[in-house]
Amino acid sequence: MLHTIPDFYSFSSNKMTNINDALNSAEELLTPHTLPHVPQESRVEAVVDQWLHAIATGSQLYCNPDISSPEELKHSVVSLLKEHGLYETREKFYELVFSHLSLKPVQNPDFRFIDLFAGIGGVRLGFQQNGGACVFSSEYDRAAQKTYKDNHGELPFGDITKVNENEIPEHDILLAGFPCQPFSNAGVSARNAVGKQHGFLCDTQGTLFFDVMRVIDAKKPKVVFLENVRNLERHDQGRTFQTIKDTIKKSGYKFHYKVIDSSTVVPQRRIRCYMVAVRNDISANFSFPDFTGDPKPLRTILEKEVDDKFTISDKLWQGHINRTKRNIERGTGFTAHTADLNKPSNTLVARYGKDGKECLIPQKGKNPRLLTPKECSRLQGFPDSFVIPDAKTPAYKQFGNSVVVPVIEKIANVIRKEIL
Ligand SMILES: C[S@@+](CC[C@H](N)C(=O)[O-])C[C@H]1O[C@@H](n2cnc3c(N)ncnc32)[C@H](O)[C@@H]1O
């Protein structure tokens, strides 16, 4: 049932309860109105959250143009909230929507962005921390969506292939860490390389790049930021990367890229390809920031007390030892030794939780252990306030799929200063 809250802005004693009540009321109030705007494979809650966040940050609403213009829609939604005592000023509405979150955008954002293939919002954080507000996010993995909502207060839209690009709100920057699996080099030598490394020529995952282009061509953001595996550059003898470059340039953008190793900002050797495309009419000169200095030691992010459930079994440890032996004999593949705590770790991958072979922490008198999800979040440079999933498997997968936040933050800082 809806209830109006006339003293909504003046409460102080039981502030959080009142805010939660008011936020629930606003969600309930908007839900039926969002229904004609919800794309296939997305949930109603995603549109409700988008509307609330957009109103709070002074941004455009996600809107089906067959029903209304975004401006008319916003006007009627704000009027409705006012009628129910849920909106007085944007400042107060911002407090209502964001006060329960530790990671939130600034009240008066300098720029707006959209977060495609959002995962748990690592890329988002880097841009948000530079004064940006997210106006649309898309991620179809249910567990990642939950982590995203827990931390950023919004449920992402689902499958991007089902979203009409014309309904996406206006934004200055498009962010997309599009799936890297079709281009990844990991383990290719051990598998049948043919058919596993085929990129977007014949792989549905790979064609997602063209969904990114669909949005770019419709919305023409000032800047496009893409992140992918290092191997993107070399994949299919450079043809995949050439297609990406040519396609973006043809759409009216200057293309810049850099392969960056994150180990000078976090104790993880994660080498990734970062791409920044700047719309041709923008005269600013963009160049990537430098990432130089000493590699960080893994020991700096380790937790002091770690539960025995992270210690690997005898069977698993023996498997690692046998594989190391085989690999040394063949001179190929990963080696399964324990990590050197004075050096950065190897790259965290989505399947890390299966056997931990990329980074095992030595322990006195016991088998080595896996990194904890908290340590994984630190290896990716997430703040300690980030809410981590309770279940280990999705936690490892989500951090393994994510990005090094401080690397993104540094690049976002140059974009904000030099381009926007
Ligand atoms: C490499 S991860 C990106 C992670 C993200 N940059 C982060 O910081 O957490 C790619 C993500 O794209 C999502 N994804 C793949 N196909 C999708 C689709 N068609 N629609 C929406 N999300 C998709 C995957 O579930 C995965 O979480």
Side-chain angles (χ1 to χ4, degrees), residues 39-43 46 103 113-129 132 134 136-152 154-165 168 173-186 200 203-215 224-232 260 262 266 268 270-275 347-352 373 376-377 379-383 386-389 393-409 411-412:
Q40 238 186 57
E41 310 281 329
S42 288
R43 285 190 272 167
L103 300 166
F113 61 84
I114 66 168
D115 191 14
L116 306 183
F117 310 102
I120 54 175
V123 180
R124 172 193 178 118
L125 275 183
F127 280 82
Q128 188 167 281
Q129 283 159 2
C134 182
F136 171 83
S137 53
S138 155
E139 165 58 57
Y140 72 3
D141 179 275
R142 287 282 176 127
Q145 284 182 343
K146 181 178 181 314
T147 308
Y148 200 94
K149 171 99 187 196
D150 287 347
N151 285 284
H152 309 294
E154 86 190 43
L155 189 83
F157 285 65
D159 190 346
I160 190 64
T161 66
K162 302 288 192 300
V163 173
N164 176 344
E165 59 277 15
I168 294 179
I173 310 187
L174 178 149
L175 312 177
F178 58 108
C180 50
Q181 193 250 326
F183 311 118
S184 175
N185 214 11
F200 53 57
D203 187 300
T204 43
Q205 284 262 295
T207 61
L208 291 169
F209 168 72
F210 296 104
D211 282 282
V212 176
M213 286 313 303
R214 194 167 51 83
V215 182
V224 175
F225 174 89
L226 307 172
E227 185 260 0
N228 212 286
V229 289
R230 173 199 208 169
N231 197 46
L232 179 67
I260 296 170
S262 62
V266 290
Q268 181 194 179
R270 190 180 191 87
I271 304 174
R272 284 290 189 265
C273 180
Y274 299 89
M275 293 153 271
T347 307
L348 200 61
V349 294
R351 48 154 301 288
Y352 172 74
C376 292
S377 87
L379 271 192
Q380 295 281 43
F382 278 76
F386 194 82
V387 182
I388 295 173
T393 306
Y396 286 127
K397 180 178 168 198
Q398 289 165 23
F399 286 115
N401 263 338
S402 194
V403 292
V404 174
V405 177
V407 169
I408 308 285
E409 211 183 323
I411 300 171

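Just follow the structure's listing: the first ligand is 1, and inside any ligand the first atom is 1.
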*asked:* Can you check which of F399, Y148, Y140 brings a heavy atom nearest to atom 21 (C) of ligand 1?
replied: Y140

*Could you tell me if the ring centre of F225 sits under 6.0 Å from that of F127?*
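Aromatic pair counts; centres sit under 6.0 Å.
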
_Heavy-atom closest pair, residues Q268 and L348_ = OE1-N, 2.9 Å

*asked:* The test is salt bridge (Lys or Arg N to Asp or Glu O under 4.0 Å); show your working for R124 and E139 and say whether it passes.
replied: CA-CA 12 Å; R124 172 193 178 118; E139 165 58 57; over 6 Å; no

*Near K149 NZ, under 6.0 Å, is it more than 12 heavy atoms from other residues, nucleotides or ligands?*
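Yes, because the 6.0 Å sphere around NZ of K149 holds more than 12 heavy atoms from other groups.
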
Mind checking whether [X] has an N or O less than 3.5 Å away from an N or O of ligand 1?
| X | result |
| --- | --- |
| I120 | yes |
| S402 | yes |
| D159 | yes |
| A144 | no |
| E139 | yes |

*Any side-chain donor-acceptor pair under 3.5 Å between Q398 and T147?*
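Yes, a side-chain donor-acceptor pair sits under 3.5 Å.
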
*Side-chain heavy-atom pair V212, F117 within 4.5 angstrom cut-off*: yes

*Below 4.0 angstrom from a heavy atom of L208, which ligand 1 atoms are there? Numbered from 1 as shown, please.*
16 (N), 19 (N)

